[in-house]
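For ligands, and for the atoms within them, numbers begin at 1 and follow the listed sequence. Numbering of residues begins at 1 and proceeds along the displayed sequence.
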Amino acid sequence: MTAPKTLYDKIWDAHVAHEADDGTCLLYIDRHLVHEVTSPQAFEGLRMAGRKVHAPDKTIAVPDHNVPTTPDREQGIKNEESRIQVDALDKNARDFGINYYPVNDIRQGIVHIVGPEQGWTLPGMTVVCGDSHTATHGAFGALAHGIGTSEVEHVLATQTLIQKKSKNMKVEITGQLRPGVTAKDITLAVIGKTGTAGGTGHVIEYCGEAIRSLSMEGRMTVCNMAIEGGARAGLIAPDETTFEYIKGRPHAPKGGQWELALEWWKTLFTDEGAHFDKVVTIRGEDIAPVVTWGTSPEDVLPITDKVPAPEDFAGGKVEAARRSLEYMGLKPGTPLSEIAIDAVFIGSCTNGRIEDLRAAAAIVKGKKIAEGVRGMVVPGSGLVRAQAEEEGLAEIFQEAGFEWRMAGCSMCLAMNPDQLAPEERCASTSNRNFEGRQGFKGRTHLMSPAMAAAAAVTGRLTDVRDLM
Ligand SMILES: CC(C)[C@H](C(=O)O)[C@@H](O)C(=O)O
Ligand code: SF4
């Protein structure tokens, strides 16, 4: 009998092309996603060496970070550097003959939303991208993680990656979530518990009844932030929900191939008795709608709480909390639900999918954004945008006073014209809240789409359950 394996062990073992004596492995890569920020030098390296892309049919490119989300996507580009990156991707994608969704293609969007949407991401695969939030694709039971630009070049040239195996970590969310609590609250609550270094050196498998009950969209939200918890990647074993989501997508297997694929996918689970190096368990019922108060994703509390004081923390965290509070302009003891906001951003690869927009629209419907608050809804892809328009969500947002944008990373990071002004405070559905992330001196509070929608309506951080 072979020893019981985790899901991670199984995917890893299926992709090792070579193992050196010190355990360093050469892994075969099934999908290589490419965006404009981390790929120009990689393609240039290839060009200079006179090499081709090894597997152009497994390489998928889309511009997202720099692309303006206003209709003037050509003229609106932020600066020369952004222009060079977008143009370089366009030229490289065409020169090297890889799959490509240019700016004017309805399928364009944030790379981590486009990949699954088009059926590129499948269970059991290895998926890499020069982007830390590649972890998102782990929701399908794929081993997916970010790589650096030199590795991007290596994968382009060889379709392999040099890697050492990580440890196994299990994050179990038992039971059911309470009303108003979402996948975003799960993933933030996990980081609140483990800290941003809790997953370091590990691949996390998320499991438990509350995870099983999530849609694919919700699972992607959970895995998206595995990286904020320090992990190499996040994984969720595939099941009927996964297969249902994949079936019929443009690049999903068809006919007999589908049956063959299903047969293998159904073996992709952690065996009874497999070893995890670290285990974290949270009761689904104990998770509340949460918001971040500081400049790290681990600075997270239930919305019913108050702004903490630096003395509430231990060791090195005291000074970090003091600095966070100063940057965020917050006074200890203030109820979180009394913090007034200036802007609301609904979008990003964490929460820019159709279900996220539905959740936000359900709160906003028939209401108006609070006076003085700027609200922006940015669908994660052109197809999400079209779907939202068809369902009448765009209308709900626009009638409430939100700006209805084109697809892109937008205000998740200040690489395009969408950004906060200094000291502006934003209720944001994105995944990072460090200093300046959404604009120079901008202040970010991370939360779920429903919570961001609630904040938009009241003009302050708000417990969504009060509006339900
Ligand atoms: C620009 C890119 C390299 C970066 C990442 O790797 O995550 C970005 O997507 C981010 O979210 O900060
Ligand atoms: S949406 Fe944000 S987190 Fe996602 S890839 Fe773009 S910049 Fe990175």
Side-chain angles (χ1 to χ4, degrees), residues 32-42 60-69 78 81-82 84-86 88-89 101 108-117 121 127-139 144-152 184 187-188 191 196 217 220-234 295-297 345-353 356-357 376-381 384-385 405-420 426 428-439 442 444 446 449 452:
H32 187 191
L33 305 168
V34 174
H35 65 57
E36 80 278 20
V37 182
T38 48
S39 67
Q41 284 160 297
I60 300 102
V62 61
D64 50 11
H65 288 71
N66 291 283
V67 175
T69 60
K78 188 172 171 180
E81 196 185 343
S82 296
I84 290 170
Q85 290 184 348
V86 173
L89 185 69
Y101 305 111
Q108 179 270 343
I110 305 168
V111 67
H112 309 307
I113 292 195
V114 173
E117 192 169 76
T121 307
V127 180
V128 296
C129 175
D131 192 283
S132 57
H133 294 101
T134 310
T136 314
H137 307 261
H145 54 74
I147 54 177
T149 296
S150 55
E151 292 174 311
V152 171
K184 184 62 162 290
T187 207
L188 283 170
I191 299 166
T196 51
E217 280 90 345
M220 285 189 254
T221 301
V222 170
C223 289
N224 176 273
M225 293 193 70
I227 186 77
E228 270 65 47
R232 181 86 183 121
T295 54
S296 162
F345 170 63
I346 298 174
S348 88
C349 60
T350 320
N351 285 123
R353 284 168 287 269
D356 302 313
L357 304 195
M376 194 187 272
V377 183
V378 188
S381 74
V384 170
R385 183 179 146 97
R405 297 299 193 95
M406 318 280 286
C409 291
S410 183
M411 214 203 266
C412 175
L413 90 176
M415 263 188 149
N416 55 71
D418 304 340
Q419 51 186 301
L420 295 177
C426 182
S428 179
T429 66
S430 52
N431 51 37
R432 287 187 171 151
N433 54 350
F434 56 73
E435 294 184 17
R437 169 69 173 184
Q438 294 191 290
T444 304
L446 303 175

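The N/O atoms of S132, backbone and side chain alike, include one that comes under 3.5 Å of an N/O atom in ligand 1.
For the atom pair OG of S410 and NE2 of H65, the computed distance is 11.5 Å after rounding to the nearest 0.5 Å.
Counting protein heavy atoms only, atom 8 (Fe) of ligand 2 is closest to H65 NE2, 3.6 Å. In terms of protein heavy atoms, atom 2 (C) of ligand 1 is closest to D131 OD2, 3.5 Å. Annotation: atom 8 (C) of ligand 1 to nearest protein heavy atom, H65 NE2, 3.3 Å.
When the salt bridge (Lys or Arg N to Asp or Glu O under 4.0 Å) test is applied to D418, the partners found at least two apart in sequence or on another chain are R405. Considering only residues two or more places apart in sequence or on other chains, H133 meets the ring-ring contact (aromatic ring centres under 6.0 Å, His included) condition with none of them. Taking E435 as the reference, R323 meet the salt bridge (Lys or Arg N to Asp or Glu O under 4.0 Å) condition, with sequence neighbours excluded.
Side-chain N or O atoms of D64 include one that pairs as donor or acceptor with a backbone N or O of V111 at under 3.5 Å. Under the 3.5 Å distance criterion, the side-chain polar atoms of T134 are left unmatched by any main-chain donor or acceptor of G130. Panel note: side chain E151, backbone G148; a donor-acceptor pair is recorded below 3.5 Å. With hydrogens and angles disregarded, no donor-acceptor distance shorter than 3.5 Å links the side chain of Q419 to the backbone of Q438.
Residue contacts with ligand 2, taken as heavy atom pairs separated by less than 4.0 Å, do not involve R432 at all. The residue M411 has no part lying near ligand 2, judged by heavy-atom distances below 4.0 Å. Under 4.0 angstrom from ligand 1, the non-hydrogen atoms of R432 all belong to its side chain. Heavy atoms of N431 found under 4.0 angstrom from ligand 1: none, in either backbone or side chain. Contacts of Q85 with ligand 1, taken as heavy-atom pairs under 4.0 Å, are absent altogether.
With a 4.5 Å cut-off on side-chain heavy atoms, H112 and D131 count as touching. Between E217 and N351, the closest side-chain pair of non-hydrogen atoms is not below 4.5 Å.
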- Going through the checks in order, is the side-chain hydrogen bond (donor to acceptor under 3.5 Å, both in side chains) test met by S381 and Q108? CA-CA 6 Å; S381 74; Q108 179 270 343; over 6 Å; no
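Within the protein, the N, O or S atoms sitting under 2.8 Å from atom 4 (Fe) of ligand 2 are C349 SG.
Close approach of ligand 1 to R437 is summarised as follows: ligand atoms under 4.0 Å from at least one heavy atom of the residue are 10 (C), 11 (O), 12 (O). Here is the list of ligand 1 atoms found below 4.0 Å of a heavy atom in T38: 3 (C).
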